[in-house]
2 protein chains.
Amino acid sequence: MAEATFKNINTHAIEIDSYLRVALSVDCVIFGFDEHELKILLIRSDLTEFKNKWTLLGDLVRPDEDPDKAAYRVLRDRTGLKNVYLEQVHTFGKPGRHPAGRVVTIAYYSLVNIEKVKLTTLAHELHWHPVKDIRQMAFDHRQIFDTCFQQLQTAVLDRHVGFGLLPPKFSLSKLQRVYEAILGETLDRRNFRKKILAMDILEDLEEIETNVSHRPGKLYRFKGRINQKFC
Amino acid sequence: MAEATFKNINTHAIEIDSYLRVALSVDCVIFGFDEHELKILLIRSDLTEFKNKWTLLGDLVRPDEDPDKAAYRVLRDRTGLKNVYLEQVHTFGKPGRHPAGRVVTIAYYSLVNIEKVKLTTLAHELHWHPVKDIRQMAFDHRQIFDTCFQQLQTAVLDRHVGFGLLPPKFSLSKLQRVYEAILGETLDRRNFRKKILAMDILEDLEEIETNVSHRPGKLYRFKGRINQKFC
DNA sequence: CCAAAAGTGTTACAATTACACCCATGA
DNA sequence: TCATGGGTGTAATTGTAACACTTTTGG
């Protein structure tokens with residue numbers, strides 16, 4: 001079992017043979033919030049193994065590209081957006097997970113303001129899918145989605161990342177709907193407002209909604225960054 | 001910017017050129033608990049760039065090896081242990097992080113019962129370091145350690161993973177010392193006991209400590225698995 | 001004036017914190 | 001008998017959960 005010494009990459013200068021290398025990709029679960037519903041952005045695969053199955057947006061990480069940057073690149077290319085919330089979640093690397101050979105993928109989720117997303121191309125039926133309708137997906141993407149969605153549910157309570165799904169100005173009701181969509185449960189309006197306002201993370205813009213056929217809500221802005229992980 | 005279509009690995013059958021491949025490693029932050037202190041297992045690097053700096057235990061992931069399995073392999077080879085708590089934390093892949101070229105590493109932390117660890121070889125001064133003494137490390141290993149330690153601090157409260165550091169039978173005081181060592185703060189004894197016992201995750205073994213020069217504590221066993229992620 | 005959603009406080013309950021004395025053992 | 005850590009309960013505080021009516025707007 002244990003030999004006298006281990007030669008490895010942390011302790012010794014070692015040649016990394018080509019056969020030891022793997023392809024590295026990033027896959028992004030891009031969440032958007034459409035009035036009342038959480039959605040993710042998907043395209044169809046053309047691979048014979050997964051013909052017509054839905055897949056996440058991803059790409060190979062380029063030589064000398066930081067994986068985080070690669071994920072931002074995918075987002076920018078697909079949504080036109082630059083300043084979005086992005087968080088690395090988990091790396092999936094089971095052998096056989098990809099028909100093209102050994103492809104290890106780093107999964108990210110990101111939160112975008114869906115109104116700002118201009119889908120510049122609808123190639124491969126790129127479009128938004130309600131989270132509640134997600135069934136089978138290509139590769140292990142269903143598992144990746146599940147992991148990312150769980151992470152989002154934790155993060156919205158712990159770190160209040162939900163603001164990433166909203167425009168800069170929003171009413172408390174919109175914010176509540178975001179929390180409800182992510183958590184999949186309804187929340188008490190008074191308790192929600194109390195809690196959020198007590199956190200002192202919102203700035204009252206002294207403005208109200210317009211063109212709503214009911215009493216307009218006050219508008220707020222999220223103070224500071226959602227967390228340190230912006231690009 | 002956005003082209004009409006993107007050819008990528010999720011949608012098209014693509015040749016993965018060799019230059020797109022990277023070396024993939026795993027690095028393990030192996031935590032042990034030595035009476036009153038949290039420690040991690042480190043060795044010294046021989047690489048000229050990091051001569052005599054401390055490094056985590058890691059290795060290249062083998063062709064067709066599941067990264068999780070690779071992490072278990074590293075643990076088994078270095079500690080002789082098989083059934084340990086292991087959790088993937090984050091993947092670090094900044095270009096330039098490793099002098100051998102493009103090496104992307106998946107970081108794990110693991111929790112072992114330090115009494116069971118027989119360091120079969122002391123090559124490269126393999127030994128336990130108090131967490132509080134950790135300073136500089138080779139590569140980006142200091143950052144990896146910080147990330148894993150933070151994760152552990154969250155996990156011990158959320159998922160009570162701390163049991164992984166203890167032998168099967170332990171007293172409540174030992175358990176409390178584990179929590180205190182991980183969190184870096186002292187806890188109230190009565191409140192701690194109340195909380196842990198209320199969770200109904202401990203089995204009273206109807207045994208007591210022996211050979212202690214004070215009133216012996218009752219021994220308990222952790223019911224069920226720490227979480228689903230055992231090997 | 002009707003429909004729709006905004007705004008607002010109080011009370012009950014649960015969880016957390018703070019805190020001090022006696023007990024069992026080995027030396 | 002002394003030193004050491006084990007074992008135990010209660011009261012105060014804080015946080016969470018439940019709950020209903022009035023207001024403002026557009027149609």
Side-chain angles (χ1 to χ4, degrees), chain A residues 33-37 153-154 156-160 162-163 166-167 169-222, chain B residues 33-37 153-154 156-160 162-163 166-167 169-222:
Chain A
F33 176 67
D34 196 3
E35 281 312 310
H36 294 278
E37 217 176 16
Q153 291 185 319
T154 309
V156 78
L157 294 175
D158 289 0
R159 285 175 284 131
H160 297 282
F163 298 100
L166 290 171
K169 298 178 181 186
F170 51 84
S171 67
L172 280 175
S173 305
K174 276 258 167 56
L175 183 61
Q176 183 175 343
R177 267 175 246 135
V178 165
Y179 279 70
E180 291 175 334
I182 293 175
L183 298 171
E185 57 183 305
T186 59
L187 302 171
D188 180 87
R189 188 148 39 104
R190 279 174 288 192
N191 292 336
F192 178 79
R193 298 163 86 88
K194 223 183 309 170
K195 195 169 176 176
I196 296 286
L197 291 173
M199 292 191 306
D200 193 37
I201 52 176
L202 295 189
E203 185 185 333
D204 185 341
L205 292 171
E206 316 274 3
E207 287 179 68
I208 55 170
E209 292 176 301
T210 51
N211 291 323
V212 288
S213 74
H214 54 76
R215 176 171 174 178
K218 292 174 75 171
L219 294 177
Y220 293 86
R221 194 182 67 80
F222 177 60
Chain B
F33 176 67
D34 196 3
E35 282 312 310
H36 293 277
E37 217 177 15
Q153 292 186 318
T154 310
V156 78
L157 293 175
D158 288 0
R159 284 175 286 131
H160 298 281
F163 297 99
L166 290 172
K169 298 179 181 184
F170 51 85
S171 67
L172 279 176
S173 304
K174 276 257 168 55
L175 184 61
Q176 184 175 341
R177 267 176 247 134
V178 165
Y179 279 70
E180 290 176 336
I182 293 174
L183 298 171
E185 58 182 306
T186 59
L187 302 171
D188 180 88
R189 189 148 39 106
R190 278 174 289 193
N191 293 338
F192 178 79
R193 299 163 86 87
K194 222 184 310 171
K195 196 169 175 176
I196 296 286
L197 291 172
M199 292 191 305
D200 193 37
I201 51 176
L202 294 189
E203 184 185 335
D204 185 341
L205 291 172
E206 315 275 4
E207 287 179 67
I208 55 170
E209 291 175 301
T210 51
N211 292 321
V212 288
S213 73
H214 55 75
R215 176 172 175 178
K218 293 173 74 172
L219 294 177
Y220 293 86
R221 195 182 66 82
F222 178 60

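Letters go in sequence order (proteins before strands), and every chain restarts at 1. Everything quoted here is computed from the prediction, not taken from an experiment.
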Take atom [atom1] of [X] and atom [atom2] of [N], then tell me their distance rounded to the nearest Å.
X        : N      : atom1 : atom2 : value
B/Leu219 : D/dG7  : CG    : C1'   : 14 Å
A/Phe192 : D/dA18 : CZ    : C1'   : 17 Å
B/Ile196 : C/dA15 : CD1   : C1'   : 15 Å
B/Phe170 : D/dG6  : CZ    : C1'   : 16 Å

Mind checking whether A/Tyr179 and A/Phe163 have parallel, tilted or perpendicular rings, split at 30° and 60°?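 A/Tyr179 vs A/Phe163 ring planes: perpendicular.
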Would one find a side-chain N or O of A/Ser213 under 4.0 angstrom from OP1 or OP2 of D/dG27? no
Hey, is the side chain of A/Arg189 poking within less than 4.0 Å of OP1 or OP2 on D/dC21, counting only N and O atoms?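 The answer is no; no side-chain N or O of A/Arg189 sits under 4.0 Å from OP1 or OP2.
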Under the 3.5 angstrom rule, does the side chain of A/Glu209 hit a backbone N or O of A/Ser171 as a donor-acceptor pair? no
When the nearest nucleotide of DNA chain D is assigned to A/Ile208 and to B/Arg193 on a heavy-atom basis, which residue is associated with the more 5' position?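 The residue closer to the strand's 5' end, by nearest nucleotide, is B/Arg193.
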When you check the gap from the basic side-chain N to the acidic O, do A/Glu207 and A/Lys218 get nearer than 4.0 Å?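 Looking at A/Lys218 together with A/Glu207, the answer is no, because their closest N to O distance does not fall below 4.0 Å.
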Any chance you could list the contact pattern along nucleotides 9-17 of chain D? Use B for base contacts, S for sugar-phosphate-only contacts and - for none, protein heavy atoms under 4.0 Å, 5' to 3'. BB------B
What's the closest nucleotide to the A/Arg215 side chain, out of C/dT8, D/dT23, C/dT25? D/dT23
